[in-house]
Peer 1: 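One structure follows; several queries about it will come next.
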Amino acid sequence: MFLNTLTPKFYVALTGTSSLISGLILIFEWWYFRKYGTSFIEQVSVSHLRPLLGGVDSNSNRQSVSECKVWRNPLNLFRGAEYNRYTWVTGREPLTYYDMNLSAQDHQTFFTCDSDHLRPADAIMQKAWRERNPQARISAAHEALELEDCATAYILLAEEEATTIMEAERLFKQALKAGESCYRRSQQLQHHGTQYEAQHRRDTNVLVYIKRRLAMCSRKLGRTREAVKMMRDLMKEFPLLSMFNIHENLLESLLELQNYADVQAVLAKYDDISLPKSATICYTAALLKARAVSDKFSPEAASRRGLSTAEMNAVEAIHRAVEFNPHVPKYLLEMKSLILPPEHILKRGDSEAIAYAFFHLQHWKRVEGALNLLHCTWEGTFRMIPYPLEKGHLFYPYPICTETADRELLPTVFHEVSVYPKKELPFFILFTAGLCSFTAMLALLTHQFPELMGVFAKAFLSTLFAPLNFIMEKVESILPSSLWHQLTRI
């Protein structure tokens with residue numbers, strides 16, 4: 001019924017409007033192609049529309065898998081003594097199912113082997129690590145301890161049943177006693193076959209894990225020097241197990257002691273081009289550089305006299321750290337609220353930024369002026385890398401998959417995941433959408449209220465052409481009538 005009442009004038013107006021919009025799009029597409037060598041519409045379709053429609057390119061998918069490797073958080077908290085207490089107080093779950101599932105896979109990798117069926121307690125624990133229900137895991141651990149002193153059973157109880165750090169430390173000490181006994185026994189038999197070699201590898205992982213968690217217990221209970229000694233001894237005893245990233249625990253403890261010389265020595269060993277970087281490595285290096293100049297740094301004075309060599313080094317170190325993980329400064333500057341760190345992190349992602357800032361914010365606050373220097377300089381990094389997804393400055397281009405992985409690792413119910421680079425809808429799409437909406441509304445109003453819109457159009461055109469009519473009248477009054485007559489004829 002509505003379509004039957006439309007007049008030919010409406011269709012003429014609609015066609016003219018469509019032609020105008022199509023012409024504008026054509027001109028813009030031509031200019032964009034000449035400048036950037038690619039179609040704007042095609043780029044928008046691939047970047048914005050395909051993810052919404054669920055389409056994924058196989059090449060980009062393979063790239064995402066290779067780039068977005070998830071790492072165990074070196075400073076992860078204790079489930080029973082810390083994560084669960086947070087749940088009891090707030091009623092919120094700090095860990096996602098994806099994060100806990102990754103932890104279950106880690107436990108099965110580190111704490112089990114193919115020969116576990118030969119030892120009844122280990123066979124029970126092999127099933128316990130696969131159990132999803134926390135109470136079922138704890139019950140299985142108690143069942144294993146009824147058979148024998150099982151190190152992995154003590155580990156599970158220390159991690160999940162202990163409600164205080166002191167209780168967890170007591171259980172880890174019992175685990176250490178059982179773990180050392182198994183380690184010595186398997187060390188003597190490791191060359192007798194692949195089965196014994198697998199047992200020794202498992203017992204080594206268990207022993208390293210226990211000693212590291214004992215060191216973390218000492219750190220949390222205020223015995224920081226003891227924790228540093230335990231970490232140093234552990235790194236000397238097992239120098240090849242770099243996958244545990246024990247040096248990051250050591251750096252945090254040394255910063256707590258304000259032992260900056262030893263921090264620099266650790267950085268000199270691990271901040272190497274051949275080793276994988278982390279936010280802890282990059283931002284600790286920046287903190288040490290900033291410490292040398294931050295107490296006397298003033299942006300006004302620096303703008304007048306320029307930056308000194310030490311200040312330039314500090315600024316470059318901050319830019320390097322921000323390029324590696326651009327999410328950290330907002331947490332250090334308290335522009336974004338912190339949450340409990342997850343058990344796994346994505347390097348260069350929001351999860352790593354939370355894990356770093358949660359433990360290291362106090363160390364930045366302790367260095368006078370460090371946060372002020374960071375506040376004044378961190379945004380300058382983005383001027384050096386205008387297209388971070390395509391080309392980096394000191395590191396590889398920023399991975400495109402961090403947002404997706406972080407949404408799996410972080411509780412998005414009460415935490416807004418930080419996204420870099422910030423995705424904004426292109427201006428031309430907004431302009432075209434607004435223009436189309438305006439013309440459609442104008443056409444609808446013209447059809448519904450033709451007389452009123454006619455009056456409005458006349459008033460608008462008369463107002464629009466009023467300056468031109470005024471100029472024409474002035475020109476007509478100034479020029480001779482004969483010359484004006486000749487011009488109007490032309």
Side-chain angles (χ1 to χ4, degrees), residues 72-104 106-108 110-111 121 124-125 127-179 206-224 226-227 230-231 249 252-253 256 338-345 354-355 358-359 362 409-411 413-415:
R72 183 82 176 174
N73 182 4
L75 297 167
N76 66 303
L77 305 178
F78 294 85
R79 278 198 195 176
E82 292 171 306
Y83 288 122
N84 286 349
R85 292 180 70 182
Y86 175 83
T87 304
W88 298 335
V89 173
T90 65
R92 295 173 172 177
E93 290 290 343
L95 298 176
T96 63
Y97 174 78
Y98 176 71
D99 192 16
M100 291 189 288
N101 187 50
L102 289 175
S103 296
D106 291 342
H107 295 152
Q108 293 174 49
F110 292 138
F111 302 151
I124 294 174
M125 289 308 300
K127 295 179 181 178
W129 294 122
R130 295 172 183 165
E131 182 62 54
R132 292 186 178 181
N133 188 345
Q135 290 303 319
R137 288 197 298 271
I138 293 172
S139 299
H142 283 294
E143 183 182 348
L145 288 175
E146 290 176 0
L147 299 176
E148 62 175 324
D149 264 2
C150 180
T152 53
Y154 284 122
I155 289 175
L156 193 148
L157 295 178
E159 291 286 352
E160 301 193 20
E161 189 181 42
T163 57
T164 64
I165 299 298
M166 294 182 68
E167 186 179 353
E169 184 182 38
R170 178 182 60 80
L171 288 168
F172 272 121
K173 286 181 178 179
Q174 292 177 277
L176 179 62
K177 184 178 179 181
V206 169
L207 186 62
V208 172
Y209 185 89
I210 294 170
K211 289 187 174 182
R212 176 192 188 159
R213 292 305 255 179
L214 277 172
M216 293 176 69
C217 288
S218 297
R219 167 69 183 91
K220 292 175 184 292
L221 294 172
R223 305 194 304 268
T224 311
E226 178 184 336
M230 295 172 68
M231 292 173 193
N249 300 84
E252 196 279 327
S253 298
E256 175 64 21
L338 275 171
I339 60 172
L340 293 185
E343 292 184 337
H344 290 80
I345 59 173
I354 291 171
F358 186 86
F359 293 99
Q362 57 180 329
L409 290 170
L410 299 172
V413 176
F414 54 90
H415 173 72

Peer 1: Looking at Arg85, I want to see if its CZ is surrounded by more than 12 non-hydrogen atoms of other residues, nucleotides or ligands under 6.0 Å.
Peer 2: no

Peer 1: Walk me through whether Glu131 and Lys127 qualify under side chain to side chain contact (heavy atoms under 4.5 Å, CB included).
Peer 2: CA-CA 6 Å; Glu131 182 62 54; Lys127 295 179 181 178; over 6 Å; no

Peer 1: What's the separation between atom CD1 in Ile155 and atom CH2 in Trp129, rounded to the nearest 0.5 Å?
Peer 2: 6.0 Å

Peer 1: Apply side chain to side chain contact (heavy atoms under 4.5 Å, CB included) to Glu159 and Tyr209, showing your working.
Peer 2: CA-CA 12 Å; Glu159 291 286 352; Tyr209 185 89; 2.6 Å; yes

Peer 1: Please report the shortest heavy-atom distance between Phe414 and Ile339, naming the atom on each side.
Peer 2: CE1-CG2, 4.1 Å

Peer 1: Which pair of non-hydrogen atoms, one from Ala128 and one from Leu156, has the smallest distance, and what is that distance?
Peer 2: CB-CD1, 4.4 Å

Peer 1: Do the non-hydrogen side-chain atoms of Gln174 and Asp149 ever get within less than 4.5 Å of each other?
Peer 2: no

Peer 1: With a 4.5 Å cut-off on side-chain heavy atoms, are Pro341 and Leu75 touching?
Peer 2: no

Peer 1: Show your working on salt bridge (charged side-chain N to carboxylate O under 4.0 Å, His left out) between Arg223 and Glu169 and close with a plain yes or no.
Peer 2: CA-CA 12 Å; Arg223 305 194 304 268; Glu169 184 182 38; 2.3 Å; yes

Peer 1: Taking the basic N atoms (NZ, or NE/NH1/NH2) and the acidic carboxylate oxygens, is any pair closer than 4.0 Å for Asp106 and Arg72?
Peer 2: yes

Peer 1: Does a side-chain N-to-carboxylate-O contact under 4.0 Å join Glu343 and Arg79?
Peer 2: yes

Peer 1: Taking all heavy atoms of Ala151 and all of Ala178, pick out the closest pair and write down the distance.
Peer 2: N-CB, 4.0 Å

Peer 1: In sequence, state the C-alpha distance, the side-chain angles, and the governing distance for Glu82 and Leu340, and then conclude on side chain to side chain contact (heavy atoms under 4.5 Å, CB included).
Peer 2: CA-CA 9 Å; Glu82 292 171 306; Leu340 293 185; 6.0 Å; no

Peer 1: Using modelled atom types and a 3.5 Å cut-off, is there a donor and acceptor pairing between side-chain atoms of Gln362 and backbone atoms of Phe359?
Peer 2: yes

Peer 1: Drop me the distance from Met166's CE to Leu171's CG, to the nearest 0.5 angstrom.
Peer 2: 12.5 Å

Peer 1: How far does OH of Tyr98 sit from CG of Leu410, to the nearest 0.5 angstrom?
Peer 2: 11.5 Å

Peer 1: Can you name the residues that form a salt bridge (Lys or Arg N to Asp or Glu O under 4.0 Å) with Arg137, not counting sequence neighbours?
Peer 2: Glu160

Peer 1: What distance do Glu252 atom CD and Glu256 atom CD have between them, rounded to the nearest 0.5 Å?
Peer 2: 6.5 Å

Peer 1: Which heavy-atom pair separates Phe78 from Ile165 by the least distance, and what is that distance?
Peer 2: CD1-CD1, 3.7 Å

Peer 1: Shortest non-hydrogen contact from Ala140 to Met125?
Peer 2: O-SD, 4.4 Å

Peer 1: Go through the steps to decide whether Lys177 and Tyr154 satisfy the test side chain to side chain contact (heavy atoms under 4.5 Å, CB included), and finish with yes or no.
Peer 2: CA-CA 10 Å; Lys177 184 178 179 181; Tyr154 284 122; over 6 Å; no

Peer 1: Would you name the heavy atoms of Cys150 and Ala121 that are closest together and state the gap between them?
Peer 2: CB-CB, 4.1 Å

Peer 1: For the CG atom of Asn249 and the CZ atom of Arg219, what is their distance to the nearest 0.5 Å?
Peer 2: 10.5 Å

Peer 1: Answer yes or no: does atom NZ of Lys220 have more than 12 heavy-atom neighbours from other residues, nucleotides or ligands under 6.0 Å?
Peer 2: yes

Peer 1: Has Asn84 got a side-chain atom pairing as donor or acceptor with Thr163's backbone, closer than 3.5 angstrom?
Peer 2: no

Peer 1: In Å, rounded to the nearest 0.5 Å, how long is the span from CZ of Phe172 to CD1 of Ile210?
Peer 2: 7.5 Å

Peer 1: Quick one: side chain to side chain donor-acceptor pair (under 3.5 Å) pairs with a partner in residues 87-97, sequence neighbours left out?
Peer 2: Tyr97-Arg132

